[in-house]
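In this text the structure is predicted, and so the values were computed from the model without any measurement. Protein chains get the first letters and strands the later ones, always in sequence-line order, with residue 1 at the start of each.
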Amino acid sequence: MSDPFYITSAIAYPNGKPHIGHAYEAIATDAIARFQRLNGREVCFVTGTDEHGLKMDQTARGLGRETRDLADEMSSYFKQMCATLDISADHFCRTTADHHHKASQAIWKRLEANGDLYLDRYEGWYSVRDEAYYDEAELTEGEGGQKLSPQGTPVEWTVEESWFFRLSKYEKPLLDFYAENPEFIRPDSRKNETVKFVEGGLKDLSVSRTSFDWGVKVPGSENHVMYVWLDALTTYISAIGFPDDTEEWRKFWPASVHIIGKDIVRFHTVYWPAFLMSAGLPLPKMVFGHGFLLSRGEKMSKSLGNVVDPMALAELFGVDALRYFLLREVSFGQDGSYSPEAIVTRVNADLANSFGNLAQRTLSLIYKNCEGYLPAIHGHHADDQALLELVGNAVSKQIPAHFDDLAMSQALETWMQAVFACNAYVDMQAPWALKKTDPQRMETVLATLFICIAQLAIAVQPIIPGSATKLLDQMGVPEDVRNFANAGSHWYSPLAEGGFQIAQPQGLFPRLELPAEEEGGA
RNA sequence: GGCGAAGUAGCUCAGCUGGUUAGAGCGGUGGAAUCAUAAUCCAUAGGUCGGGGGUUCAAGUCCCUCCUUCGCUACCA
C-alpha cells in the first residue's frame with residue numbers, strides 16, 4: 001500500500017446549514033477517495049469547516065449568540081451531513097481548533113521570514129453597514145453625490161492598518177508554474193480564467209484585519225487577525241500535522257487534488273500556491289473546480305425559495321440514490337441541474353430497472369434453481385467469453401481510467417453499458433428456458449452472470465458504497481476481491497466449491513416515486 | 001467594455017488533433033419474452049449540428065461576423 005493519495009474537499013463556511021452544493025462536493029470528493037482506496041492507493045481524505053471571518057461573527061451577533069457557540073452548532077451540521085451521506089473522510093477539521101491556529105501562525109511566520117509580509121495601510125471605500133470594502137468601479141452615486149455600495153449602503157474612504165502579502169512578487173512564478181503543470185488547474189475553462197487573471201497583474205494582498213477579532217491572531221500583532229483565506233487554506237496542511245513533522249505530513253503532502261467549487265478557484269490557484277511558495281512548501285498537484293447545482297436550471301437562493309436540503313433528499317430518495325444521481329447526471333466540472341423528476345427517472349432507470357433488476361433476476365434464478373448454491377461452470381461458450389471480456393474490460397480498464405480522470409459520470413456511463421450487455425445476455429441465453437432443456441448450460445450462464453454482477457458491484461462501490469456492499473455481502477464475495485486489482489481474479493470457483501449459498505435475494509434498489517405535490521402555494 | 005465558455009434529435013447531453021449514411025440515455029411508436037423490482041430485450045423514431053459568410057477534395061469539428069445564454073474581470077467567504 002504505497003503511493004499515497006491526498007484529497008480534500010473545500011472546507012465549508014458554516015454561516016448557514018449545509019445545502020445541496022455542500023452535499024454534492026462532499027459526495028464527489030468521497031467517490032474519488034473511495035475509488036483511489038479500491039485502486040490500491042493509501043488515501044487521506046480531509047474535509048471540515050472554515051469558521052473564522054467577518055460573516056460568522058456578524059451572523060452570531062445577529063442572533064445574539066457567542067460566535068464560538070454558533071460555530072460549534074453549525075459545524076456539527078456539516079459533520080452530521082458527512083455521516084449521513086457516507087462520506088469517508090479521514091479527518092473533519094475545524095479552523096477553530098488549537099492545532100490549526102498553531103499551524104496558521106507557523107505558516108505566517110514562514111511568509112514573514114521570507115520577507116513577504118509588510119505592515120501598511122489598507123485604504124478604500126468602506127461600508128460600515130456591510131463591513132466590507134468596495135472597489136471604486138462598483139460604486140454608484142446616490143442623492144447629493146453620496147457614494148453607495150452595490151447594496152445601496154453609504155461608503156466612506158477608510159484607512160485601516162493591515163499586513164500585506166507580496167503577492168505581486170509571485171506573478172511570474174505562478175505563470176511559470178501553470179505553464180509547467182498543465183494539469184494543475186482543471187477543468188481548462190477555470191485554468192484560462194486564472195491565467196488571464198494573473199497575466200493581468202497581481203496586487204499585494206491584505207492579509208490581516210483589525211476590524212474584528214474572530215480569527216487567528218497574527219503573531220506579534222495581537223490586534224490583528226489573519227485574513228480568513230490564509231487561515232482556511234492552511235487547513236489542508238494543518239489537517240495532516242503541519243507544522244509538526246508527523247508521519248501523515250511526510251506521507252501525504254503535497255496534496256494530490258483539492259476539490260472545490262468554481263467560485264473559489266482563485267483562492268486555491270493563485271493565493272494558495274503563492275503562500276506555499278513563500279513558505280517554501282511543495283504545491284498541490286491539482287485543483288479541480290466543479291460546477292454548481294441548479295434547481296430546474298435556476299440558481300438556488302434563499303430569495304427564490306428553491307434551496308434544497310440535502311438531508312431531506314437523502315431521506316426521501318435514499319443516500320445512494322442521491323449519490324448516484326449527482327455523479328451520473330452531472331458531468332464533473334460543469335454545472336448540473338437537479339429536479340425530483342430527474343432523480344426519480346434516472347435512479348429508476350439505471351439502478352432499479354437495469355442493474356437492480358439484473359441482480360435480482362439472476363440471484364433469484366440461482367436461489368430457486370440451484371438451491372442457492374453457486375452453479376458450476378461447464379465450459380464457457382463464445383457468448384459467455386464475450387460478456388466476460390466486455391465486463392472485465394469495463395471494470396478493470398475503462399471505469400478506473402475514467403475515475404482516475406475524475407470523470408465520474410463517464411465511469412458510470414461505461415458501467416451502464418456493461419449492465420445493458422448483461423441484460424441483453426440474460427434475454428438471449430434465457431436461462432429459465434435452459435432449465436429444462438440444458439441444465440448444465442443454465443448453470444454456466446448463471447455463473448457467468450454472477451461473476452459479471454459481482455464485478456459491476458465492485459466497480460460501483462465508490463458511488464453507492466452502501467448498496468454495493470450489501471449486494472456483495474449477499475453474493476458472498478470475499479473482502480479481498482472487492483477492489484479493482486482483484487475483481488477479475490479467479491475467485492468464483494473457490495467460492496462456489498466452498499459451498500457458499502445465497503439467501504433469498506433482497507431488492508436493493510427500490511423504485512422511487514415522485515413525491516406528492518406540495519399543497520397550495522402561499 | 002475586456003477575456004472566456006456554451007448554443008447538436010421532444011428532454012438531458014457525447015462527439016479528441018476536420019474525413020464513410022451525425023451518436024447515447026430518457027420519452028414516444030411497433031414487436032419479443034415472462035426468470036425478475038409491470039422490470040428486460042430487439043427494432044424504430046426523417047435533428048438544415050443557433051443565423052449568415054468563408055477556407056478545404058472534405059466542417060458539427062478551422063476562420064470571420066451576427067444573435068442568445070452563461071462565467072471571470074481580486075481583498076464577504
Side-chain angles (χ1 to χ4, degrees), chain A residues 10-15 50-56 58 122 124 127 130-135 137 151 162 164-165 167 187-209 227-230 232 261-267 270-271 289 291-292 294 297 299 328-331 334-337 339 341-342 345-346 348-369 409-410 413 416-417 419-420 422-435 442 445-446 449 505-512:
Chain A
I11 51 173
Y13 201 72
N15 66 335
D50 165 23
E51 305 172 24
H52 295 313
L54 180 62
K55 279 198 175 174
M56 276 300 287
Q58 282 179 329
Y122 187 82
S127 161
D130 299 348
E131 294 197 50
Y133 283 91
Y134 293 100
D135 198 73
Q151 275 70 44
S162 172
F164 279 81
F165 172 71
L167 185 63
D188 280 347
S189 53
R190 301 299 151 210
K191 179 182 167 181
N192 291 340
E193 287 177 6
T194 302
V195 171
K196 293 293 177 192
F197 174 78
V198 176
E199 282 176 346
L202 294 175
K203 290 191 286 191
D204 287 350
L205 188 66
S206 164
V207 289
S208 77
R209 301 286 186 272
Y227 175 44
V228 224
W229 271 108
L230 176 49
K262 64 181 184 180
D263 55 330
I264 55 173
V265 166
R266 170 171 319 132
F267 302 99
V270 180
Y271 301 168
F292 288 157
L294 309 173
K299 224 169 189 170
R328 172 66 187 92
E329 193 88 355
V330 183
S331 176
Q334 296 193 301
D335 288 352
S337 197
S339 72
E341 300 84 75
T345 301
R346 173 61 76 180
N348 281 347
D350 290 8
L351 292 183
N353 297 353
S354 294
F355 183 66
N357 187 237
L358 168 69
Q360 185 69 12
R361 68 201 300 206
T362 303
L363 296 183
S364 289
L365 285 166
I366 292 174
Y367 179 73
K368 288 180 184 168
N369 299 331
S409 62
Q410 292 198 59
E413 192 179 330
M416 273 308 299
Q417 282 167 5
V419 172
F420 289 150
C422 290
N423 271 323
Y425 173 86
V426 184
D427 276 40
M428 188 188 299
Q429 302 300 326
W432 51 91
L434 291 169
K435 182 182 175 185
M442 176 198 76
V445 166
L446 292 179
L449 284 165
Q506 305 289 319
L508 291 169
F509 304 98
R511 287 179 63 77
L512 302 180

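In this structure, CZ of A:F197 is placed 19 Å from P of B:rA5, rounded to the nearest angstrom. Between the CG atom of A:L508 and the P atom of B:rA39 there is a distance of 18 Å, rounded to whole Å. In this entry the distance linking CD1 of A:I264 with P of B:rU73 reads 13 Å, nearest Å. What separates CG of A:D263 from C1' of B:rA74 is a distance of 14 Å, to the nearest Å. For the pair A:E413 CD and B:rC26 P, the interatomic distance rounds to 11 Å; values are reported in whole Å. Summarising the geometry, the separation between CG on A:N348 and C1' on B:rC26 is reported as 12 Å, rounded to the nearest angstrom. Residue A:W229 contributes atom CH2, which lies 14 Å from atom P of B:rC75 at whole-angstrom precision. Following rounding to the nearest Å, A:K191 (NZ) and B:rC72 (C1') show an atom-to-atom distance of 17 Å.
With hydrogens and angles ignored, a donor-acceptor pair closer than 3.5 Å exists between the side chain of A:K55 and the base of B:rC76.
Figure legend. B:rG18 is base-paired to no nucleotide; pairs are counted as Watson-Crick or G-U wobble with both atom distances under 3.5 Å. Both distances falling under 3.5 Å, in either a Watson-Crick or a G-U wobble arrangement, place B:rA5 opposite B:rU69. A 3.5 Å limit on both hydrogen-bonding distances identifies B:rU29 as the Watson-Crick or G-U partner of B:rA43. Of all nucleotides present, none satisfies the Watson-Crick or G-U wobble test against B:rA77 with each distance under 3.5 Å. Under the Watson-Crick and G-U wobble criteria, each requiring two contacts below 3.5 Å, nucleotide B:rC62 is paired to B:rG54.
Distances shorter than 4.0 Å separate some side-chain N or O of A:Q334 from OP1 or OP2 on B:rA14. At B:rA39, one or more side-chain N or O atoms of A:R511 fall inside 4.0 Å of OP1 or OP2 (strictly under the cut-off). Contact annotation: A:R266 reaches the phosphate of B:rU73 (side-chain N/O to OP1 or OP2, under 4.0 Å).
Each of B:rA77, B:rA74, B:rA39 was ranked by its minimum atom distance to the side chain of A:K203; first place goes to B:rA74. Distances were taken from every side-chain heavy atom of A:Y122 (C-beta onward) to each of B:rC75, B:rU12, B:rA77; the shortest belongs to B:rC75. Considering only the side chain of A:T345, B:rC26 comes nearest among B:rC75, B:rU37, B:rC26. With B:rG4, B:rA77, B:rC26 as the candidates, the nucleotide lying closest to the side chain of A:R209 is B:rA77. Checking B:rU73, B:rC75, B:rG71 against the side-chain heavy atoms of A:Y227 singles out B:rC75 as nearest.
On the P atoms, B:rU21 is 37 Å away from B:rA33, given to the nearest whole Å. Separating the P atom of B:rU8 from that of B:rC16 is a span of 15 Å, rounded to the nearest Å. Nucleotides B:rA5 and B:rC64 place their P atoms 12 Å apart, quoted to the nearest Å. As rounded to the nearest Å, B:rC3 and B:rC11 have C1' atoms that lie 33 Å from one another. For the C1' atoms, the distance linking B:rA24 with B:rG15 amounts to 10 Å, nearest Å. The C1' atoms of B:rC63 and B:rC75 are separated by 40 Å, rounded to the nearest whole Å. Nucleotides B:rA45 and B:rG53 have their C1' atoms positioned 34 Å apart, rounded to a whole Å. Here the separation of B:rU69 from B:rG30, taken at their C1' atoms, is 39 Å to the nearest Å.
Listed for the A:S208 side chain is no donor-acceptor partner under 3.5 Å among the backbone atoms of A:S162. Judged purely by atom type and a 3.5 angstrom limit, A:Y425 has no side-chain atom pairing as donor or acceptor with the backbone of A:F420. The backbone N or O of A:F292 lies less than 3.5 Å from a partner atom in the side chain of A:D335, making a donor-acceptor pair. Judged by distance alone, the side chain of A:Y271 and the main-chain N or O of A:L167 form no donor-acceptor pair under 3.5 Å.
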Pairs under 3.5 Å (N/O, protein and nucleotides 31-36 of chain B):
residue, atom, partner, partner atom, Å
B:rC35, O2, A:R361, NE, 3.3
B:rC35, N3, A:R361, NE, 3.4
B:rC35, N3, A:R361, NH2, 2.6
B:rC35, N4, A:R361, NH2, 3.0
B:rA36, OP1, A:K368, NZ, 2.4
B:rA36, O2', A:N357, ND2, 2.6
B:rA36, N1, A:R361, NH2, 3.4
B:rA36, N3, A:N357, OD1, 3.0
B:rA36, N3, A:R361, NE, 3.2

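Nearest-nucleotide assignment on RNA chain B puts the 5′-proximal partner with A:G336, out of A:G336 and A:S206. Ranked by how close their nearest RNA chain B nucleotide is to the 5' end, A:V207 and A:P510 are led by A:P510.
We find that A:D427 and A:R361 are joined by a salt bridge, their nearest charged nitrogen and carboxylate oxygen being less than 4.0 Å apart. Salt bridge status for A:E193 with A:K196: absent, with no side-chain N to carboxylate O gap under 4.0 Å.
Within 4.0 Å of A:R328, counting heavy atoms only, lies no atom of the nucleic acid at all. Using a 4.0 Å heavy-atom cutoff across all strands shown, A:Y271 reaches at least one base atom of the nucleic acid. In this structure, A:L358 reaches neither bases nor backbone, as no heavy-atom distance under 4.0 Å exists between it and the strands shown. A:G201 comes within 4.0 angstrom of a nucleotide base, judged by non-hydrogen atoms across all strands. Using a 4.0 Å heavy-atom distance criterion, A:D335 is classed as making no nucleic acid contact. No engagement by A:L351 is indicated, since no non-hydrogen atom pair under 4.0 Å with the nucleic acid exists. A:A352 comes within 4.0 angstrom of a nucleotide base, judged by non-hydrogen atoms across all strands. Among the atoms of the strands shown, base atoms are found under 4.0 Å from some heavy atom of A:L167.
The heavy-atom pair separating A:Q360 from A:P505 by the smallest distance is NE2-O, 3.5 Å. In this structure, A:S206 and A:Y122 approach most closely via the heavy-atom pair CB-CD1, 3.8 Å.
Between A:V330 and A:S409, every side-chain heavy-atom pair lies at or beyond the 4.5 Å cut-off. Residues A:M442 and A:Q429 are not in side-chain contact: their nearest non-hydrogen atoms beyond the backbone lie 4.5 Å or more apart. In this structure, A:N353 and A:F509 have side chains that are not in contact, with every pair of non-hydrogen atoms separated by 4.5 Å or more.
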